[in-house]
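Proteins come first, then strands; the chains are lettered A, B, ... in the order of their sequence lines, and each starts at number 1. The shown structure was predicted, so the numbers you read here are calculated from the model rather than taken from an experiment.
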Amino acid sequence: MSRLIYWVSVTFCASFLILPLVVVWPLAFNPSSFLTYPMEGFTFDWFAKVLSDPGWTRPMLNSVRVALGVTVLAVVIGGLAALGVMMTRRGTQIVLSALFVSPLVVPSVVVAVALAYAFGRTGVGGGYLSLVLAHSIVAAPLVFLSVMTSLRGLDPNLDLAGASLGASRIYRFFTVTLPLTAPGFAAGAVFAFITSFDEVVLALFLADPGSSTLPIALFAGLRDRLEPPIVVVAVLLSVLSVLFLMLLNYLQKRHAAPRS
Amino acid sequence: MTSLEIKNINKHYGAVQALHDVSLSINKGEFVTLLGPSGSGKTTVLKILAGFEPVTSGQVLMEGRDVTALPPEKRNFGLVFQGYALFPHMSVYDNIAYPLRVRRQSKAMIDERVLAALDLVQLRKFANRRPQELSGGQQQRVALARALVFKPDVLLLDEPMSALDKQLRHDLQEELREIHRSLGTTFINVTHDQEEAMHMSDRIAIMDHGQIKQYDTAHQLYRRPASRFVAEFVGKSNVFQGEVRGSGSSARFYSASFEMPLADAQTGASTVMIRPEDAEITTTAPNDGRITLPVQVISSTYSGDRALYTLLQSDGADFIAYAPARSGVFPDGTDIFVSFASQDVIALA
Amino acid sequence: MSHAKSQPHGSRFAAFLLLLIPTAIFLLIFVVPLGSIISLSLENTALGSRFVTFNAAAENNPDQRAQAVLQDLGAMDQKQLGEVARMLNQEKSGFRSLILDTGKKAKTIPPSMGGLVAFDKRWAEPDYWEIISKNAGAISWRHYQKVSGLKLDAAGNLTIAKGDLIFMRVMGRTLVISVEVTLLTLLISYPVAFAVARGSRRTAATILTIVMVSFWTSVLVRTTAWVVLLQTNGLINNLLVWLGIVREPIQLIFNRFGALVAMTHVLLPFAILPMINVMRTIPKAQSDASRSLGAGPIETFLRVYFPQTLRGVAVGGGTVFILALGFYITPALTGGPNDQMLAYFIADFVNKTLNWGMAAALSVLLLLIVILLICLGKLIQRMLAKRERAI
Ligand SMILES: Nc1ncnc2c1ncn2[C@@H]1O[C@H](COP(=O)(O)OP(=O)(O)O)[C@@H](O)[C@H]1O
Ligand SMILES: [Mg+2]
C-alpha cells in the first residue's frame, strides 16, 4: 500500500518535471509546421532554416558575445570578491557575503528598471556593454558562491605549509590556492556563461536592436506566432544546457578527487 | 649554546588566554619536546614559533635576533603539520621540491637535494606518486622530507605521530631520532604521548593550562618532578598529602599512615610521592626500618616479567606497585604489606 | 608591544586590495541604481521645475497665485505645456484642456484671480488649485498614491479613491498566484525529493538527473514547451480529444491554469534541491528504529520522518514564493490579461508609456515585499535554531 503511494506519486511528479521537455523536442524534427503529433516524418529542414536565417543567427552570435564577456567579468568580480571575503573576519564576511549574493534575490524586473534608468542617464545606453554589465551583476554572485565553496573546502594548513616552506603570499596563491580551487572558478565560469546565455528580462530592457540576444528573439517569436523554428531554438538551448551540466559534473568530480 | 629563545610570551584569543608568560631556551641541535594534555597550549607555542600567530606580548629570539614580527616565509623554520598538509595536486617529488623552487635553486641542485631527502626517508621509489596514494606513515615521512630539504634552522613537529598506529609510531620514533642525530638540526616536537617524549627528547617542557610547569631532561622530570601535576603526568605515582612539622634537619613529614624525616632541601613540602617500582611487596612486615603499610590486593595486571598491583590502603586510598612475578601473582583480596625506603620518597613543592 | 598589532600575519591589506574592485562594481552598478529608483519614484522635476513662480507665491493670496500660474504657463513651450497637461490630467480629468487653453492665452489673460475665472470658470474650483500645489513640489508621493489607491483629501485625511485600487488588486493577485504556485510546487517537490534522498541508488540517480536537467534548462525554454503543449491545437488538447474526454479543444493557456502550470514547472527545482539537502541529513536508522518499535511505514513516515523534513519544506517554499513574486516572463507568455503579476506592469510602464516614476514606485513596492519576506525568513530560522539549541 505504502509502496504503491510512493511509486505513483514519484512517477507522476518526476514525469511532470521531464515529460514536457521530452515530448516537445521531437517536434523540431517534424516536417509539418503544426506543432503536434503524430509526426509526419523526420527532417533537419527546420534546423537548416534556423541556422541560415539571420533573424536567428544574429541574436545567437550576440548571445555568445555577451555571454563570453559576462563570463570573464563575472569570474573576475566574483572570484576577487570570494578571495577577499575569505580573508576578512567573521562579521565582515557576513555583511560582504550578503552584498555579493544580493542580486540573486532581487527580482530581475527591478534590477532591469534600475539599470535601464541608470545606464540611460549615465550615457552607457543600451547595447552590448550594458548587457554585459547587467548580466555580470547577476552572474557574479554565482561565481562568488562557487569559489567560496571551494575555498571553504580548502585545508587552511596547506597555505600555512606553503608559508613555512618559504613561499610568499603571491607565490602561494598561484601554486597552492589557485590550482586547488580552479574547479570552483571553472564551475563559476560555467554558471556565469549559461546564466547570461539564458537571461531574458534584463536583455529585454537593455538590448538595442543591434545587440538583441537569442532569448529575446525566442520571446518575441513566442508572442508573435508559434512555429517550428521556435522549438528548434529551444532544442538548441536545451542541448547547450545539458552539455554545460555535464561539464559541471565533470568539474565537481575532479574537485572531489584530490581529497579522497 | 642557546639558539632559539622564547621570552615571556603571553597569548590571548579574544577572552581566552592560551599562554601565560611562557619562556623557553633551546640549544643548537637539541631535541626538545613540548608535552602536555590536549588544550594545554602546545600548538599555540608552535604556531608562534612558526610565525602563524602574533603574540599578545613577549619575544621570540633566533640566535639573539628578534624574529617575533617576522612572517613565516622569512623564518627558515621547517614545520611538520599534525595532518601533514601535503599538497594534494603535486607529486611527492614536487612537494619536496617546493621549498627549493621557492628559493630559486637550479634544476640540478633541486634534483640532487630532493633525491637525497627521499633517500633519507627511504621513499625514493614513490617520487612520482600523489600524497593521497601513500599510507599514513609514508605521508608523514614525505612531510618530514619536505620540511628538512631546505636545511631549516629549526624543525617544528606538531604531533607528527598522532595519526599512526603503535608499531609504526615506534619505528618512526627511531627513524626520527636517527635523522636528528645525523643532521644536527634543532628539533622541537609537540606531543601528548609521554612515552614518545621520554624516548626521543634531550629535554622536555611540560605544559598545562598555557604554562610551562617544568623544563628538564626526562630523568630529572621522572626523579625530581617539581609539582604534583608533573609527577602524575610523567609516569605512575603514589601521592601522599600530609603536613611538615619542625624545620631544618629535624623537619619531619606526617601523613595519615606514616611519618618520615625530610632532607634539608625538601623542607616545606606537604605532598610527597613514591614511584611504583620503588615499593616492595611482602607477605610479612619487613621490620628493617623501611616505611611499611598494610594493604589488600584489589587487582593486578601481569606482563610476564612483572606485575602491576593496585592495592587498597587502610585509609581507603589506592597504592600502585610493581613486583617481580616469577613465582606467580598474589590473588585479589590477599592481605599483604608494601614497603619503601624514605630516601626514595620524592617531596613535591 | 607595538609590533603586535602591525604583524604581517594580518591579511587585512591584501583583503582590502582584493575587495576594492568587486565592491566598487557592486556599489556602482547594483546598489546605487537600486537606490536611485527610490528617488526616481519620488522625483517630480517634470512638474516641479515648471512651476517655480507658483511655488514661491503666497498660498493665501489668490491674485498672486493666479499671476504666478499665468507666468509659469506662459513660459512653457508647446511640448512642455503638453507634458504638464498630461501629468495633471492623470490627477483630475479635464485638467488637460484647462491647462492647454489657459497656456495658449496666458499672455492675454489679466493676471488676477478674477481674470482667470473670467477666462475659464473652472479656475474658481479650489480642487484644481489643490492639485497644482500638491504636484508642483520637488518630490511627490503621487506615484505611491496611485499604487496604493490612497489619497490625502483637503483635510489631510487618507481616503480610498474610488476605482483607483488597480495596483492593490494586482498586488493581491500577485500574492495569490505566488501562494498557489508555492503550494503546488511543494506538493510535487516532496515525492521527488524523497525519492532522491531515500530511493534505491538507481532511482535516486535517475531522478536527480531529471531534476538537474530541468534546473539547467532555461526558464524561457521550459515555458516554450508548455506553450507548445497547452495551445488550442496542441498536444494535450489533441490527446484529450483523441481519448474522447472532451469533444472539442478546451482553453488551457492564456488563463490562470496555464500560468500556474508553467510557473510551477519552472520553479520546481528551487523547492526540490533544498528539500533533498535536508532529507539527506536524516539518518535512515531512525525510520528503521521506528519500524522496529512497531510503527507501520505510514505512521513512521508521518511521525518520525515528515516533521524533520519541514525545515527543507520551509526553505524550498520560501525560495519559491520569493522568486514567484517577481515573475514576469512565464505568466506573460502563458497567462491571460487577468493573470499578469506586478512585474508585468512594471515592464509595461517602462516599455509602453515610458512612465519611469510608476515603474519605479511599483519596483520599490516589490522590492520591499521581497526584503520583508527574507528578513522574516531569517528571523524564523534564527528562532528555530535557538529553540533547537535550548533543547
Ligand atoms: N584560534 C583559536 N581561537 C580561540 N582559542 C584558541 C584558538 N586556538 C587555540 N585556542 C585555545 O587555546 C588553548 C590552547 O590550544 P592549543 O595550543 O591548540 O592546545 P594543544 O595543542 O596543547 O592541544 C585551548 O584552550 C584552545 O581552546
Ligand atoms: Mg594541538
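Chosen from C:Ile329, C:Val261, C:Ile374, C:Val350, the residue pairing most often with chain A at heavy-atom distances under 4.5 Å is C:Ile329. Between chain A and the options C:Ala347, C:Pro269, C:Gly296, C:Gly35, the largest number of non-hydrogen pairs under 4.5 Å is found for C:Ala347. Of the residues considered (C:Leu20, C:Ile37, C:Ile210, C:Val192), C:Ile210 shows the highest number of contacts with chain A, using heavy-atom pairs under 4.5 Å. With chain A as partner, the option from C:Leu220, C:Asn233, C:Ile322 having the largest number of non-hydrogen pairs under 4.5 angstrom is C:Leu220. Heavy-atom pairs under 4.5 Å with chain A were tallied for C:Gly326, C:Pro22, C:Ala343; the largest tally goes to C:Pro22. Contact tally against chain A (heavy-atom pairs below 4.5 Å) for C:Val219, C:Thr23, C:Leu325, C:Ile21: the top residue is C:Thr23.
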Practice problem: For C:Phe327 and C:Tyr344, run ring pair (Phe, Tyr, Trp, His ring centres under 6.0 Å): C-alpha distance rounded to whole Å, both residues' side-chain angles, the deciding distance at 0.1 Å, then the answer. | Solution: CA-CA 8 Å; C:Phe327 250 51; C:Tyr344 178 89; over 10 Å; no
Quiz prompt | A:Leu27/A:Tyr37 under side chain to side chain contact (heavy atoms under 4.5 Å, CB included): CA gap, chis, key distance, verdict | solution = CA-CA 8 Å; A:Leu27 296 175; A:Tyr37 285 95; 4.1 Å; yes
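When every heavy atom of A:Val231 is checked against every heavy atom of A:Val24, the shortest pair comes out as CG1-O, 3.8 Å. Between A:Ser241 and A:Asp198, the shortest heavy-atom contact is OG-OD2, 4.2 Å.
Contact annotation for C:Val228: both backbone and side-chain heavy atoms come within less than 4.5 Å of a heavy atom of chain A. In this structure, no portion of A:Ser136 lies under 4.5 Å from any heavy atom of chain C. Contacts of A:Ala114 with chain C are made by both backbone and side-chain atoms, with heavy-atom separations under 4.5 Å. If you measure heavy-atom distances from C:Leu235 to chain A, the contacts under 4.5 Å come from both the backbone and the side chain. Only the side chain of C:Leu40 comes within contact range of chain A, with heavy atoms under 4.5 Å apart. Using a 4.5 Å cut-off between heavy atoms, A:Arg3 makes no contact with chain C at all. Within the 4.5 angstrom heavy-atom criterion, no atom of A:Ala112 approaches chain C. Interface remark: A:Tyr6 contributes side-chain atoms only to the contact with chain C (heavy atom separation under 4.5 Å). Residue A:Val85 touches chain C through both its backbone and its side chain, counting heavy-atom pairs closer than 4.5 Å. Heavy-atom distances place the side chain of A:Leu226, and not its backbone, under 4.5 Å from chain C. Both the backbone and the side chain of C:Ile29 come within less than 4.5 Å of a heavy atom in chain A. For A:Ile194, the part lying under 4.5 angstrom from a heavy atom of chain C is the side chain only. Proximity to chain C is absent for every atom of A:Leu240, based on heavy atoms less than 4.5 angstrom apart.
Residues C:Tyr305 and C:Arg198 have side chains in contact (heavy-atom distance under 4.5 Å, counting atoms from C-beta outward). Side-chain atoms of C:Leu186 and C:Met275, non-hydrogen and from C-beta on, do get closer than 4.5 Å to each other.
Ring pair C:Tyr328/A:Phe219 is tilted by interplanar angle, where 30° to 60° counts as tilted.
With hydrogens and angles ignored, the 3.5 Å screen pairs no side-chain donor or acceptor of A:Gln93 with any backbone N or O of A:Ser97.
Between C:Val364 and the options C:Leu368, C:Leu367, C:Leu366, a side chain to side chain contact (heavy atoms under 4.5 Å, CB included) holds for only C:Leu368.
Side-chain atoms of A:Ser238 and C:Thr217 form no donor-acceptor pair, as typed in the model, at a separation below 3.5 Å.
Under the 6.0 Å cut-off for aromatic ring centres, A:Phe205 and A:Phe119 do not qualify, their centroids lying 6.0 Å or more apart.
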